[in-house]
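Have a look at the structure below, then the notes.
Lettering follows sequence order; numbering is per chain, from 1.
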Number of protein chains: 2
Amino acid sequence: MATGRTHRPATRSRGIPEATVARLPLYLRALTALSERSVPTVSSEELAAAAGVNSAKLRKDFSYLGSYGTRGVGYDVEYLVYQISRELGLTQDWPVVIVGIGNLGAALANYGGFASRGFRVAALIDADPAMAGKPVAGIPVQHTDELEKIIDENGVSIGVIATPAGAAQQVCDRLVAAGVTSILNFAPTVLTVPDGVDVRKVDLSIELQILAFHEQRKAGEEAEAQAGAAASAAQENNGKGPDGDVPAVMPA
Amino acid sequence: MATGRTHRPATRSRGIPEATVARLPLYLRALTALSERSVPTVSSEELAAAAGVNSAKLRKDFSYLGSYGTRGVGYDVEYLVYQISRELGLTQDWPVVIVGIGNLGAALANYGGFASRGFRVAALIDADPAMAGKPVAGIPVQHTDELEKIIDENGVSIGVIATPAGAAQQVCDRLVAAGVTSILNFAPTVLTVPDGVDVRKVDLSIELQILAFHEQRKAGEEAEAQAGAAASAAQENNGKGPDGDVPAVMPA
DNA sequence: CCGTCTTTGTGCACGCGTTCACAAAGACAT
DNA sequence: ATGTCTTTGTGAACGCGTGCACAAAGACGG
């Protein structure tokens, strides 16, 4: 996840597998929905379906947290919500700063999902002096000069970077120097951070490119199937693919 | 990735490993930067550093595409840019629709990274009649009623969902029925889709929760190290973690 | 033309994650 | 109290992904 370290077991000895941690928020969301509908208990099968995973995987995931289920019955929804929340650290308050209040930064500031689970937007920061003081999502934007002071005074340990790519590393360095140890990066750049700092990146462009790859593959297979064994030179063009560019069948 | 199918080899026989596909956009970005600086060739070591990965991994990744390097020299930047672009399907034009033009949808519409690599925003769609006709990022918003027509006329196969969670599944169903086979989902819900449809999700809330977990773990270790072997009943509270809730050491 | 030096491409081993399949555990009826 | 039935928790096997380490390939100088 983070950039500059291939070392470290990634999965701590005593701890929970990384893959499991990544799924806990999914379970938590499904459980919260059940809780709101006042459902008292849920089986691994039902919950797995709601979370979109395999039931065996879910049970194994929960087994890392302890034995919170009752055989023959299932899991107590409320209890499980609490346990997962505690495990994820959502029982405490996490002040967060968002740096770079452009289109995306503003959208993030307005995003309700932040506040819902213990995350609190402590400050919005932008390098543009014209933005300073202007309220976004009810919070006045502050200038980058204040960054260190804000981090320090609010005890911020999680930073969100929504700046242009060019500014991201510099902002990252300042955040880390000021004491931030977890960074969520929306800028399309690879961030280099010292050991002990976690970086997660969200990259729209990359996600789209991955989809495009699969889309192309699907179109290729389809064309292959359509053409059958007939090595026709005539290019077929179905209604969906806007381009007759059938990819070669992997050149050697 | 997609929800309703645990089956299928995931990694196609003749194809490229999924993990490699996910890294190709990273390499492409680094290579494009080199290309703009007119760097003719690059070694696996250099490129790996720029992309933030291991050089052995990079070489193995490229080996799936074919043998495009020259021993003793490295890789030809331009050639590699072309090969990866072709492999990812970026040499063709991908019309994309964005459904749900709220804060996030608008930010996505304005995001430059879309247009940069063959992705073209074909239409913006929103359920709010008041939005209809209003231009966002230079493109007039169209009403949901037009969805099927837009998909069909533009040959759209990739859809982006940026609606509230409640509307996401319904929108998804309509997109799929209209012929979309790849979906990028920003709504905090698990989408259920038929076989053959790819879904990738981007979930801010989940990313933050994962960071919070590691942050808590770091704080816990730190506190543990500070406390040393002394099994003090007094709860320590360091400056960063606003809560003394040190997680139990896995209750058997 | 030959030797040296750099860098690729890959065989191999290891570890994490996933899945199957089943025994143990408990609820519930009789 | 006992049997049945449901559902958990987990041992074990398997497969994918990663990283090491090295042989093969080619550039380049003499």
Report task. Return the value, rounded to whole Å, for the distance between atom NZ of B:K57 and atom P of D:dC16. Result -> 17 Å

Query raised in the report: Considering residues at least two apart in sequence or located in another chain, which fulfil the salt bridge (charged side-chain N to carboxylate O under 4.0 Å, His left out) criterion with A:R174?
Result: A:E148

Requested in this report: Using ring-ring contact (aromatic ring centres under 6.0 Å, His included) as the criterion, list what pairs up with B:Y79, not counting sequence neighbours.
Outcome: B:Y68

Query raised in the report: Taking atom P of C:dT10 as reference, at what distance in whole Å does atom CG of B:L58 sit?
Result: 14 Å

Report task. Kindly state each residue pair satisfying salt bridge (Lys or Arg N to Asp or Glu O under 4.0 Å) with at least one member in residues 62-78 of chain A, sequence neighbours excluded. Result -> none

In residues 183-190 of chain B, what donor-acceptor pairs under 3.5 Å come from side-chain atoms, sequence neighbours left out?
residue	atom	partner	partner atom	Å
B:N185	OD1	B:A187	N	2.9
B:N185	ND2	B:A187	O	3.1
B:N185	ND2	B:T189	O	3.2
B:T189	OG1	B:A165	O	3.4

Query raised in the report: Can you give one letter per nucleotide of nucleotides 8-14 of chain D, 5' to 3': B if a protein heavy atom sits under 4.0 Å from the base, S if only from the sugar-phosphate, - if neither?
Result: BBBBB--

Query raised in the report: Can you check the B:E18 CD to C:dC16 C1' distance for me, whole Å?
Result: 18 Å

**Report entry** N-O pairing of B:R217 and A:D198 below 4.0 Å
**Finding:** no

Requested in this report: Calculate the interatomic distance between B:N54 atom CG and C:dT10 atom P; express it in whole Å.
Outcome: 17 Å

**Report entry** Contacts of B:R23 that satisfy salt bridge (charged side-chain N to carboxylate O under 4.0 Å, His left out) - sequence neighbours left out
**Finding:** B:D61

Query - Minimum-distance nucleotide (side-chain atoms of A:P17 versus D:dG17, C:dG17, D:dC20) - result: C:dG17

